[in-house]
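Note that these values count all heavy atoms, side chains included, but never hydrogens, waters or copies made by symmetry.
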Amino acid sequence: MNSPNSNHFTTRAWVPSHITGFFAARREEDPLQSGSIGCGLCLSPGATTIIESSPDIEDAEIILNGRVTDAPVSRFVIERLARSPVRVKTDMNMPFGSGFGASGAGALGCAYALNHHFDLGLTADQTASVAHAAEVVNRTGLGDVIAQNTGGLVIRLEPGAPGIGRIDRIPVAPQPVHCVVRGPISTREVLSDQSIMSSINEAGRAALKDLLKKPTLEEFMRLSRRFTVETGLASSWALDMIEAVEAEGGRASMIMLGDAVYAFGGIEALQGSGQVYTTFISQRGANLD
């Protein structure tokens, strides 16, 4: 990181990926009041964002995994926090569009880096609330940012942006998690379908109520699987993968919202169905890197 008084200086931030096991959504006119309840895991593959300032940068530029892109979620953050034109470089070490919170990670890393880069003096929650609003407005997510801001196995107790929504964590060891991804599901389409969301919200509220009676990783996995079946969101491929893992003594469920499965144990059942990502629960949330 260079001195802000030099002609060229950079700031770097890191944010974990996040997968949701079950959720219920709430939309309000105010994006900061919108959000979701539920529970999910932060994982160690994440997004690294670098902010660059230089006299040769005339307009904001966003580079995602080496390619110039529009990235409306990150651009929302830049428009609200940048005090001069910047170049934003984000490298994402996670699948896109398959429930790993990629857009939230990009937006949150951008917000953290800009806050420090321009010495804005915002707290972690104030910074993250801008990224949360960016996700809500662009309909790319409702609960990833508040979890990614914290790390671990996060229970979202009350909906809303960081500082408004209420969360808690289930203490867990950083044990391995296996993921296999078949393809994306449109978060925007699911969140915009009132019939689907009615079923999701009913199942999600019931799952959260039951989890709070016994907040353990094992109960989280059981309730996530129940939610997957009750909502009908899973493809036949995902259901087959879940059953195959369970036949080997593991626990598995669908990643919300993606045609993807995550599991504890039973890795042999996932092999042969696609690339298996073996990672770990990330105990650390968003931070300057």
Side-chain angles (χ1 to χ4, degrees), residues 15-25 36 38-47 65 73 92-106 135 139-145 147-148 153-154 156 175-191 193 196-197 199-200 203-204 207 217 220-248 250-282:
V15 180
S17 52
H18 175 254
I19 58 175
T20 290
F22 61 83
F23 72 100
S36 66
C39 191
L41 287 162
C42 287
L43 302 178
S44 54
N65 286 3
V73 182
M92 290 192 177
N93 184 26
M94 66 185 80
F96 283 35
S98 300
F100 286 79
S103 61
E135 281 249 270
R139 292 184 175 268
T140 51
L142 287 168
D144 287 321
V145 166
Q148 290 165 319
L153 176 49
V154 182
R156 305 190 300 279
Q175 55 194 288
V177 186
H178 311 301
C179 305
V180 62
V181 178
R182 190 170 177 229
I185 291 177
S186 172
T187 300
R188 183 189 297 266
E189 287 183 16
V190 172
L191 295 180
D193 189 312
I196 293 175
M197 286 310 303
S199 171
I200 286 173
L217 176 61
F220 163 68
M221 291 302 296
R222 184 185 76 81
L223 293 168
S224 296
R225 188 203 194 287
R226 188 182 79 183
F227 178 85
T228 294
V229 173
E230 287 180 351
T231 57
L233 288 168
S235 64
S236 57
W237 168 84
L239 292 174
D240 287 345
M241 287 299 98
I242 292 168
E243 290 177 2
V245 169
E246 290 172 345
E248 290 190 7
R251 280 204 174 274
S253 190
M254 174 186 169
I255 295 174
M256 304 292 160
L257 289 156
D259 195 6
V261 168
Y262 68 105
F264 291 92
I267 186 173
E268 294 81 4
L270 299 176
Q271 292 169 340
S273 62
Q275 181 180 356
V276 178
Y277 302 85
T278 297
T279 180
F280 289 85
I281 300 171
S282 174

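With Thr228 contributing its side chain and Ser253 its backbone, the two residues share no donor-acceptor pair below 3.5 Å. For Ser98 (side chain) and Ala260 (main-chain N/O), no donor-acceptor pair under 3.5 Å exists by modelled atom type. A donor-acceptor pair under 3.5 Å is absent between the side-chain atoms of Ser199 and the main chain of Ile196, judged by distance alone.
How far NE2 of His178 is from CD1 of Ile267: 4.0 Å, rounded to the nearest 0.5 Å. Rounded to the nearest 0.5 Å, atoms NE2 (His18) and CD1 (Ile255) are 11.0 Å apart. Taken to the nearest 0.5 Å, the OG1 atom of Thr20 stands 5.5 Å off from the CG atom of Asp144. Expressed to the nearest 0.5 Å, how far CD1 of Ile281 lies from CD1 of Ile19 amounts to 8.5 Å. Between the SG atom of Cys39 and the CG atom of Leu217 there is a distance of 9.0 Å, given to the nearest 0.5 Å. In this structure, CD in Gln275 is found 12.5 Å from CG in Leu270, a value given to the nearest 0.5 Å.
When all heavy atoms of Val245 and Ala263 are compared, the closest pair comes out as CG1-CB, 4.0 Å. Across Phe22 and Phe220, no two heavy atoms sit closer than the pair CE2-CD1, 4.0 Å. Scanning both residues, Ala105 and Ala47, for their nearest heavy atoms gives CB-CB, 3.7 Å.
Residue pairs meeting the salt bridge (Lys or Arg N to Asp or Glu O under 4.0 Å) criterion with at least one member in residues 253-280, sequence neighbours excluded, are Arg182-Asp259.
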Candidate pair Ser44 and Thr279, rule side chain to side chain donor-acceptor pair (under 3.5 Å), full reasoning: CA-CA 6 Å; Ser44 54; Thr279 180; 2.6 Å; yes
Chi angles and distances behind the side chain to side chain donor-acceptor pair (under 3.5 Å) call for Ser103, Glu135: CA-CA 7 Å; Ser103 61; Glu135 281 249 270; 2.4 Å; yes
